[in-house]
Asks: 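I'd like to ask some things about the structure below.
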Amino acid sequence: MATSSTPICYINGKRKVLPPGRAETTLLQYLREIGLTGTKLGCGEGGCGACTVMLSNIENGQLQHRSVNACLCPLYSIDGMHVVTVEGIGNSRDGLHPVQERLANSHGSQCGFCTPGFVMSMYSLLRSKAGAPSEQEIQENLAGNLCRCTGYRPILDAFRVFAEVPAGAYTEESIAAHSQWKAGGNNAVGPTQPTGCPADSSGTIKLNPSKAICPSTGRPCDCGAASQSDSPTSTSGSSDDMSLKPANSHANGHAPAQTGGHASMDESCTSKACGGHSNGEAGGAAGGKKFASGGLTNGLGMDVLSDSGVKKAEGAAAVGKAQPKQQRWTSATEPIFPAELRKRVAPILHLPGPYATWHRPLTLNGLLTLREQYPEGKIVVGNTEIGIEMKYGRKTYPIFIAATHIPELNHMEVDADGLTVGAAVTLTRLMRTLKQLVADMPKHQTRTFQAMGEQMKYFAGNQIRNTASVGGNICNASPISDLNPIYMSTGSVFTVQGEGTGVRKIAAKDFFVSYRKVDMQPHEVLLNVHIPFTKQHDFVREYKQAHRRDDDIAIANAGMRVRMEMATDGEWKVAEAEMALGGVAPKTIMAPLTMDLLQGRVWNKETLHAGIASLAQDVYINSQSPGGMVEFRRAMAASFFFRFFMHVAFELDAFKPGSCNLFPKNYRSGAIAHPHKPLSTGMQYFSKVPGDRVIGQPYRHAAAHVQVTGEAHYTDDIPLPGNALRAALVYSDRPHAKLLSIDASSALEVRKDPLS
Ligand SMILES: NC(=O)C1=CN([C@@H]2O[C@H](COP(=O)(O)OP(=O)(O)OC[C@H]3O[C@@H](n4cnc5c(N)ncnc54)[C@H](O)[C@@H]3O)[C@@H](O)[C@H]2O)C=CC1
Ligand SMILES: O=c1[nH]c(=O)c2[nH]c(=O)[nH]c2[nH]1
């Protein structure tokens, strides 16, 4: 088996031999060192998405693309991968990528710091999907990207153009409404308001909410008037892995190039559609395969007020000099997956360095031997926890053992009893598998998978789920882990193995010993998790309460399961009950008193009250507990139980109407574990300033094109002068003061190791 001490990767199509001795370095540090400063350091813990890049590699013989947080990605973990950064997809000299162009044209950047991250999240979604994403997917995909000044409305509007549109989005009625309104005239426009929308004289749009309308704006529009996709620039070939499938056409078969049409990344679609949209909806993003940006804009990407082509051109000319040239984008200009990497066989890595050594075994035996040899070694998979410990916990690890390439740890298998998931499987892969099983198998067998799948949408952000592993989440033993309560309440079993001690199987409910301690010896590794199928009348739910729904860590959470059986008297009784609670103790705990209490009881309101009272005994949170919010967390435990109780009651009553009619139907929403989050929409209104002057017109701002490409330089991006170790802006309380001396003593006190 090949062993290598020279890890390689490609970055934006260029081959790189990674520097030696840098096991503790992140991909983000490296990118910025080599001048790719478009990828930003925001939070440094995978929470803000400013450092998003796309990683491509061959997995199980298939090319896969995924967005990741470069701030948590160990440099050597990208051996054999292609990294695409914001600089790799477009720039202001050669032309913006349609994703970049859309964001710029739609006023989707203000300070621009988070912008490259949004671009790369969207770009990765388009490349990773075979067809066009839905609007819902686009919104969910951006949950791991935070923006704190522009606002999400223009960002979501910008990207809607890439969505697949449900058939029927364009109706005769919406077209008629549009014509009617147009005849009446209107002077109010806004970046998200199609100028073709029916509005009254005050600019208020009169909507019939029952009409499905323009996917870009959510408003009636005139797309139906457009004819067909007739892009003169369209091609059908695909030069690389980018052979993405065309999305569904609109109901009437035309291609909504400029509107919130569909636009999978290689679809041709440049015909006139929704031409009445303001705000540069015609940003050319929906060029599909051709990304025919130039064909849709005025060449300056500034087709605001596109109601009249004349106005558009004039406005553009007025401020056009500072704007980038637009090129016609073709899929051939997409960074392709390098042939060398396609053929490459991953080597064992042994990469020593002054501060840390990186090992990457390729077999389970290799992993166990290293684990035995280096008890102080740190097994690493996604690094989404270890990376934070190193950055914010000031931890140092001299030995990393990457468990990413061990076949047994990447394996998933369905047997007669359930699903076995390898410990190195990423959360994204697990989610996909769960979804598939829920779709393919009888409902009563997959209730655990259903509950997990629903919950995992809210497990961190997409970039984290794309790298974080099932095993990392378990071994980390976080008391607010989102998945541990469900493993514990569903009879899941963990398998561990150590050199010389063989294989052990441990029930999930016994695995967590104390705060961040698990029942595993230093020489052991977690191999897999077995999650059993549910049986008839098993009901499973997972609940999570965080400060906000998306991309946030839980304050409290719970996994609950009951198996019900109908007694001869026709009443539903509890045959089995398992409840696990997170965020209420130093580790995830079971609720033994309540579990005992429920056993054999009838599912009625007395049981509900008794259960809530019993949970208060199970959940004892000391008033001094770390994290505080003691009353709130206690109340959450009761609230989860109440919701679960309602869920089960509704399910039982649905199974046999009248058999468990405990709650009015309008309580049903309370029983939903993770209420559906509808698509966000928003509108902005402003008055159009008459005349040809630039001022008062909604042109994209002068820096937008360099922000979306990562070319905008922030203080953090400025290279240090020679011999400088670090520079930072300092405040002076006196203007024009002279720097007389520098007292470096406190800086010199700081730890001397390179990770501090
Ligand atoms: N940064 C963030 O925003 C988020 C971080 N997380 C955390 O990320 C982790 C998810 O996994 P990764 O990134 O892959 O973890 P990781 O590579 O950071 O490892 C986490 C811990 O698990 C251990 N570990 C991992 N796999 C193991 C195995 N097979 N056998 C024995 N020990 C093993 C590691 O040594 C380490 O102590 C979870 O710990 C989770 O709590 C989860 C969500 C969000
Ligand atoms: O199980 C987890 N879920 C999260 O959503 C999350 N976020 C985080 O930082 N750690 C964790 N852990």
Side-chain angles (χ1 to χ4, degrees), residues 42-49 51 68-69 71-74 77 143-144 146 361 364 367-368 370-371 374-393 395 397 399-404 406 408-410 421-430 452 455-487 494-498 511 516-529 542 544-557 559 582-583 588:
C43 67
E45 54 179 320
C48 77
C51 64
V68 304
N69 296 114
C71 73
L72 291 177
C73 178
S77 72
L146 300 190
L364 182 57
L367 176 68
L368 296 177
L370 283 165
R371 191 75 165 136
Y374 302 109
E376 79 285 19
K378 195 74 176 158
I379 293 200
V380 56
V381 183
N383 198 51
T384 63
E385 178 64 27
I386 297 172
I388 298 174
E389 288 173 1
M390 288 169 66
K391 185 166 173 69
Y392 292 109
K395 293 233 174 103
Y397 297 110
I399 308 279
F400 292 104
I401 306 169
T404 46
I406 313 296
E408 290 85 343
L409 270 62
N410 282 292
V421 187
V425 168
T426 62
L427 298 176
T428 299
R429 262 189 79 202
L430 174 60
M452 287 174 77
Q455 193 284 323
M456 287 173 78
K457 268 191 186 175
Y458 303 106
F459 188 124
N462 203 34
Q463 296 92 322
I464 291 286
R465 295 193 297 264
N466 285 341
T467 48
S469 62
V470 169
N473 190 244
I474 293 168
C475 297
N476 187 38
S478 160
I480 45 74
S481 157
D482 286 333
L483 289 174
N484 292 344
I486 207 152
Y487 298 135
F494 300 153
T495 302
V496 303
Q497 186 172 351
F511 191 67
R516 297 208 178 251
K517 290 257 174 329
V518 296
D519 177 8
M520 219 169 37
Q521 299 303 308
H523 71 285
E524 287 178 320
V525 298
L526 178 67
L527 287 189
N528 60 45
V529 185
E542 204 281 353
K544 170 176 184 173
Q545 183 64 50
H547 288 280
R548 54 175 198 161
R549 182 98 60 85
D550 284 319
D551 195 10
D552 200 3
I553 205 156
I555 301 166
N557 49 22
T588 309

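Read the numbers this way: they start at 1 and go in the same order the structure lists the ligands and their atoms. All residue numbers in this chain count up from 1 along the given sequence. FYI, side chains are in, hydrogens and waters are out, and symmetry mates aren't considered; it's all heavy atoms of this structure.
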Asks: Counting heavy atoms only, name the option from N383, L526, T384 that's nearest to atom 28 (C) of ligand 1.
Replies: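 Ranked by closest heavy atom to atom 28 (C) of ligand 1, first place is L526.
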Asks: So does Y458 get a backbone contact from the side chain of K544, meaning a donor-acceptor N/O pair under 3.5 Å?
Replies: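 Indeed, once roles are kept as given, a pair shorter than 3.5 Å links the two residues.
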Asks: Counting only heavy atoms, tell me which of A424, G382, C475 gets closest to atom 31 (C) of ligand 1.
Replies: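 When every heavy atom of A424, G382, C475 is considered, C475 comes closest to atom 31 (C) of ligand 1.
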Asks: Can you check whether V525 has an N/O within less than 3.5 Å of an N/O in ligand 1?
Replies: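 Between V525 and ligand 1, no N or O pair is found under 3.5 Å apart.
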Asks: For ligand 2, note which part of D552 has a heavy atom under 4.0 Å away: side chain, backbone, both or neither.
Replies: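 Backbone only.
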Asks: Any N/O of N476 closer than 3.5 Å to an N/O of ligand 1?
Replies: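 Between N476 and ligand 1, an N or O pair is found under 3.5 Å apart.
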Asks: Below 4.0 angstrom from a heavy atom of A460, which ligand 2 atoms are there? Numbered from 1 as shown, please.
Replies: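 So the atoms of ligand 2 that pass are 4 (C), 5 (O).
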Asks: If hydrogens are left out, which of G472, S478, S469, G471 has an atom nearest to atom 14 (O) of ligand 1, that is, the closest non-hydrogen atom?
Replies: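 Nearest heavy atom to atom 14 (O) of ligand 1 lies in S469.
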Asks: L72 near ligand 1, heavy-atom distance under 4.0 Å?
Replies: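 Yes.
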Asks: I'd like to check whether K378 has a polar contact with ligand 1, where a contact means an N/O of the residue lying under 3.5 Å from an N/O of the ligand.
Replies: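 Yes; the residue has a nitrogen or oxygen that sits under 3.5 Å from a nitrogen or oxygen of the ligand.
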Asks: Please verify whether a non-hydrogen atom of M520 lies at under 4.0 Å from ligand 1.
Replies: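 Judged by the 4.0 Å heavy-atom criterion, M520 does count as contacting ligand 1.
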Asks: Could you go step by step and tell me if L364 and Q497 meet the side-chain contact (heavy atoms from CB on, under 4.5 Å) rule?
Replies: CA-CA 10 Å; L364 182 57; Q497 186 172 351; 3.6 Å; yes
Asks: Hey, which atoms in ligand 2 end up nearer than 4.0 Å to a heavy atom of K544?
Replies: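 Those atoms are 4 (C), 5 (O).
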Asks: List the closest protein heavy-atom neighbour of atom 3 (O) of ligand 1: residue, atom name, distance to the nearest 0.1 Å.
Replies: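 I find the closest protein heavy atom is E45 O, 3.4 Å.
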Asks: Among protein heavy atoms, which sits nearest to atom 2 (C) of ligand 2, and what does the distance come to when rounded to 0.1 Å?
Replies: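 Scanning the protein heavy atoms, the shortest distance from atom 2 (C) of ligand 2 goes to F459 CZ, 3.3 Å.
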Asks: For S481, counting its heavy atoms only, list the atoms of ligand 2 lying under 4.0 Å from any of them.
Replies: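 Atoms satisfying the 4.0 Å criterion: 1 (O).
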Asks: Decide yes or no on side-chain contact (heavy atoms from CB on, under 4.5 Å) for L72 and I464, but give the supporting numbers first.
Replies: CA-CA 9 Å; L72 291 177; I464 291 286; 3.9 Å; yes
Asks: Ignoring hydrogens and geometry, is there a side-chain-to-backbone donor-acceptor pair from R465 to F459 under 3.5 Å?
Replies: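 Side chain of R465 to backbone of F459, a donor-acceptor pair under 3.5 Å: yes, one is there.
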